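The shown structure was predicted, so the numbers you read here are calculated from the model rather than taken from an experiment. In listed order, ligands and their atoms are each counted from 1.
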Amino acid sequence: MSDDTLQVYIDGQLYPKPEAKISVYDHGFLYGDGVFEGIRAYNGRVWRLTEHLERLYRSAKAILLEIPLSLGEMREAVFHTLRVNRLRDAYIRLVVSRGVGDLGLDPRKCQKPSVVIITDRIQLYPPEFYEKGMEIITVTTRRNAPDVLNPAIKSMNYLNNILAKIEVIRAGVQEGLMLNQQGLVAECTGDNIFIATRNVLYTPASHMGILEGITRATVFEMAAEFNVPVHEGALSLLQVYGADECFLTGTGAEIVPVVRIDGRDIGDGQPGPLTRRLMARFREKVQTEGEPVEGLM
Ligand code: PXG
């Protein structure tokens with residue numbers, strides 16, 4: 001099955017993957033000036049599409065970028081692209097860049113934002129990480145300070161995360177924990193972090209400088225369902241090392257147990273019972289609760 005036949009949406013038109021190209025004068029390419037979303041479809045249903053679209057439009061507003069489609073039109077464009085590609089299980093990447101301009105920074109020179117919708121198959125972590133848990137490290141690269149470039153904006157400027165990811169790769173692990181400018185736990189390069197201690201969940205608050213993940217929000221919902229309290233606040237590395245359980249959340253990773261951090265076993269070094277319960281409930285929800293794509297069912 002050749003992926004080259006996949007169609008990519010660019011500014012209202014579909015192009016086969018090899019021809020899906022953007023100008024080198026696009027300020028997304030020149031400056032990372034733009035915003036994006038990573039979304040998934042399971043079983044012909046798009047998971048938390050409204051939440052992802054709302055975050056995209058909030059990110060765009062924060063950088064004074066006016067998306068040339070309404071939220072409803074964007075939703076239809078996502079459905080259309082999935083239908084054309086007959087993808088029932090997919091990774092969906094929405095990108096809205098400042099558009100084509102001249103070589104200066106001035107965003108006013110960009111006539112209209114570029115809108116790209118890529119729907120592709122997903123690269124999953126191997127199943128063993130979900131069964132046995134994952135090892136992570138703390139990286140030396142600190143998360144962007146919120147007063148410099150707020151991590152809550154899902155911008156095309158991911159160099160901070162990529163520098164951290166390079167450390168992760170060099171260490172031979174899968175993910176890395178990033179601290180904020182105060183040395184408190186923020187998030188991982190592409191995932192949020194939770195710990196559980198005595199059946200209470202703790203996760204860094206938004207003002208620690210994080211992306212408020214959609215999967216993170218889903219954990220809040222499931223915890224309420226399980227009558228497990230969640231505390232959003234300040235989290236030190238020491239608290240993380242001493243936790244009973246730890247897991248990461250993200251659209252790609254879903255919920256993945258962490259069993260070793262910087263050489264310290266978390267709890268007994270096995271995925272914990274609360275983590276397992278959340279993973280199981282999450283997998284149930286994504287199969288049935290997403291927005292059905294008309295014509296894909
Ligand atoms: N923090 C950061 C910095 C992210 O980029 C998350 C947390 C989790 O958010 P969601 O809404 O997905 O629960 C993300 C999003 C990748 C990749 O290919 C991962 C993300 C974004 C883009 C690419 O690993 N994670």
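- A salt bridge links R281 with E284: at least one charged nitrogen is closer than 4.0 Å to a carboxylate oxygen.
- Remark: atom 14 (C) of ligand 1 lies closer than 4.0 Å to at least one protein heavy atom.
- Of the possible donor and acceptor atoms, none in the side chain of Q287 sits under 3.5 Å from a partner among the backbone N and O of N43.
- Here E294 does not pair with R83 in a salt bridge; the nearest charged N to carboxylate O distance is not below 4.0 Å.
- In the candidate list R40, E187, E254, R216, E187 is nearest to atom 1 (N) of ligand 1, counting heavy atoms.
- Taking only nitrogen or oxygen atoms, main chain and side chain alike, G250 does not reach within less than 3.5 Å of ligand 1.
- Closest to atom 22 (C) of ligand 1 among all protein heavy atoms lies F36 CE1, 3.6 Å.
- Only the side chain of R93 comes within 4.0 Å of ligand 1, counting heavy atoms alone; its backbone N, CA, C and O stay farther away.
- Using a non-hydrogen distance threshold of 4.0 Å, W47 does not register as a contact of ligand 1.
- One option in G190, A152, A164 has a heavy atom closer to atom 6 (C) of ligand 1 than any other, and that option is G190.
- For ligand 1, the atoms lying closer than 4.0 Å to a non-hydrogen atom of Y91 are 22 (C), 23 (C).
- The nearest heavy-atom contact from the protein to atom 11 (O) of ligand 1 is I214 N, 2.7 Å.
- Ligand 1 has an N or O atom lying under 3.5 Å from an N or O atom of R55, backbone or side chain.
- Using a 4.0 Å cut-off to heavy atoms of R143, the atoms of ligand 1 that qualify are 3 (C).
- Annotation: side chain of C246 is in contact with side chain of I193 (closest heavy-atom distance under 4.5 Å).
- Of all the heavy atoms of N161, the ones lying under 4.0 Å from any atom of ligand 1 belong exclusively to the side chain.
- At distances below 3.5 Å, at least one donor-acceptor pair connects side-chain atoms of E175 with backbone N or O atoms of G190.
- If you check which protein heavy atom lies closest to atom 12 (O) of ligand 1, you get T251 OG1, 2.5 Å.
- The protein atom (non-hydrogen) at minimum distance from atom 4 (C) of ligand 1 is Y158 OH, 3.5 Å.
- Rounding to the nearest 0.5 Å gives a distance of 14.0 Å between CD1 of I214 and CZ of R40.
- Polar contact with ligand 1: present for K154 (N/O pair, distance under 3.5 Å).
- At distances below 3.5 Å, not a single donor-acceptor pair connects side-chain atoms of Q7 with backbone N or O atoms of T81.
- One side chain, E291 or T50, offers a donor N or O that lies under 3.5 Å from an acceptor on the other.
- Electrostatic pairing of R55 and E212 does not count as a salt bridge here, judged by no charged N lying under 4.0 Å from a carboxylate O.
- Taking a cut-off of under 4.0 Å to the non-hydrogen atoms of T215, the atoms of ligand 1 that pass are 10 (P), 13 (O).
- Proximity of Q239 to V185: side-chain heavy atoms (C-beta onward) are nowhere separated by under 4.5 Å.
- Between the side chain of E167 and the main chain of T141, a donor-acceptor pair closer than 3.5 Å is present.
- Note that atom 24 (O) of ligand 1 has no protein non-hydrogen atoms nearby, at separations under 4.0 angstrom.
- Of all atoms in ligand 1, numbered sequentially from 1 with element shown, those under 4.0 Å from a heavy atom of T189 are 3 (C).
- Residue contacts with ligand 1, taken as heavy atom pairs separated by less than 4.0 Å, do not involve M178 at all.
- Neither the backbone nor the side chain of Y125 comes within contact range of ligand 1; no heavy atom lies under 4.0 Å.
- Near G213, with a cut-off below 4.0 Å to any heavy atom, the atoms of ligand 1 are 9 (O), 10 (P), 11 (O), 13 (O).
- K285 and E289 are joined by a salt bridge, as a carboxylate oxygen and a charged side-chain nitrogen come within less than 4.0 angstrom of each other.
- Ion pairing between R216 and E187 fails under the 4.0 Å rule for side-chain N and carboxylate O.
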